[in-house]
Amino acid sequence: MGIIRTALLTGVYGVTGSVASVGAGMAYLAATTSLVDLTKNDPMFKSKTYAKYNPKGNPAHQDVVIKRIPLQKLRPELRDNEEALTLEFCRGVWSRWGFWPQSKYHERYDKPPGTEGYLWRTSDLAAAQYEPGLKFSNHFEVVGNEGSEIAVRCGGSPLLQPGPRDSDGLVLLGARIDREAQQAELRLKSALYSSSGTFAEGAGHPVPPKIVFLHKWYVRALVQSAVANVKA
């Protein structure tokens, strides 16, 4: 999982700005977002997308970041349209400061021949429609878009590893409008796993503790950075 470790380190460092500010950055993210483990009953694990990209049902590290925003703080055109809100949230996740350091790293050091049709710049990711088949930064591919939820496969390169991978994962981005509570809920669900491995029944996921630690803060950063894309 070397590429994931490098990407997460790049992303977390980009969020905090310097080693000295790591603590302050973590405190900010903890105060502005909620992160909880996903249960096995979550619809994500019963979806066709999850079954396709983790066909063996291998153990995964799985969690969800939640951000709630009062409706009056959203852009007016997003307050009654979950699909539009989901798209703008997704655009914000991949085009704002949370993902920018990782996108620059891949563009400079991880851009092999054959990826000319991929998106590399955050300015392009800010305008993308995120239709299935879109590939970006050499390690991400949109594999589902149901309007109110967009699925992105991550981990290995779709160019080099289109099938099962030692390092694999899914990110599901969605939005829900609660008119009774007058708030919107933004969600980033993620699962990291090995789709190519074979595991004994009851085995834990193979993601190293350091990667889990970095991942938990990075996904918070991605969600918090995306808020600017939907707020009025």
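Keep in mind the model is a prediction, meaning the values are calculated, not measured. No hydrogens, no waters, no symmetry mates; every other heavy atom, side chains included, goes into these values.
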Show the nearest heavy-atom pair for residues [X] and [Y], with the distance to one decimal.
X	Y	value
Pro158	Asn138	CD-O, 3.3 Å
Pro59	Gly204	CG-O, 3.4 Å
Thr49	Ala151	CG2-CB, 4.2 Å
Gln102	Tyr218	OE1-OH, 2.6 Å
Leu222	Ser225	O-OG, 2.9 Å
Val64	Lys189	CG2-CG, 3.7 Å

- Message: Let's go through Leu173 and Leu188 carefully: what are the C-alpha distance in whole Å and the side-chain angles of both, what is the deciding distance for side chain to side chain contact (heavy atoms under 4.5 Å, CB included) to 0.1 Å, and is it a yes or a no?
- Response: CA-CA 5 Å; Leu173 301 155; Leu188 188 157; 3.6 Å; yes
With no hydrogens and no angle check, is any side-chain donor or acceptor of [X] less than 3.5 Å from a backbone partner on [Y]?
X	Y	result
Lys135	Gly117	no
Glu116	Gly114	yes
Arg79	Gln72	yes
Lys111	His106	no
Lys67	Gln224	no
Asn229	Arg96	no
Arg165	Gly156	yes
Tyr130	Leu125	yes
Trp120	Thr115	yes

Can you measure from [atom1] ([X]) to [atom2] ([Y]) and round to the nearest 0.5 angstrom?
X	Y	atom1	atom2	answer
Ser137	Asp110	OG	CG	9.0 Å
Leu170	Glu141	CG	CD	10.5 Å
Ser95	Glu88	OG	CD	8.5 Å
Glu149	Arg187	CD	CZ	6.0 Å
Met26	Lys216	CE	NZ	12.5 Å
Lys73	Lys231	NZ	NZ	5.0 Å

Same cluster or not: are [X] and [Y] linked, directly or through other Ile, Leu, Val, Met, Phe, Trp or Tyr residues, by side-chain heavy atoms under 4.5 angstrom apart?
X	Y	answer
Ile211	Phe199	no
Leu134	Leu159	no
Val152	Tyr118	no
Leu119	Val171	yes

- Message: I need the single residue from Ile177, Thr86, Asn81 that forms a side chain to side chain contact (heavy atoms under 4.5 Å, CB included) with Ser148. Which is it?
- Response: Thr86
- Task: Run through Ile69, Leu71, Leu85 and flag the one making a side chain to side chain contact (heavy atoms under 4.5 Å, CB included) with Leu78.
- Result: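 One option only clears the test, and that one is Leu85.
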If you count every heavy atom of other residues, nucleotides or ligands that lies below 6.0 Å from [X] atom [atom1], does the total exceed 12?
X	atom1	value
Glu77	CD	yes
Arg108	CZ	no
Arg75	CZ	yes
Trp100	CH2	no
Lys52	NZ	no

Just so I know, are the side chains of [X] and [Y] near enough to count as touching, which here means a heavy-atom distance under 4.5 Å?
X	Y	result
Tyr50	Asp42	no
Arg153	Asp168	yes
Phe89	Val223	yes
Leu192	Cys154	yes
Val212	His205	yes

- Task: Classify the side-chain pair Ser195/Asn54 by whether it contains a donor and acceptor separated by less than 3.5 Å.
- Result: no
- Item | Pair Phe140 and Phe99, ring centroids less than 6.0 Å apart |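 Between Phe99 and Phe140, which both carry aromatic rings, the centre distance is below 6.0 Å.
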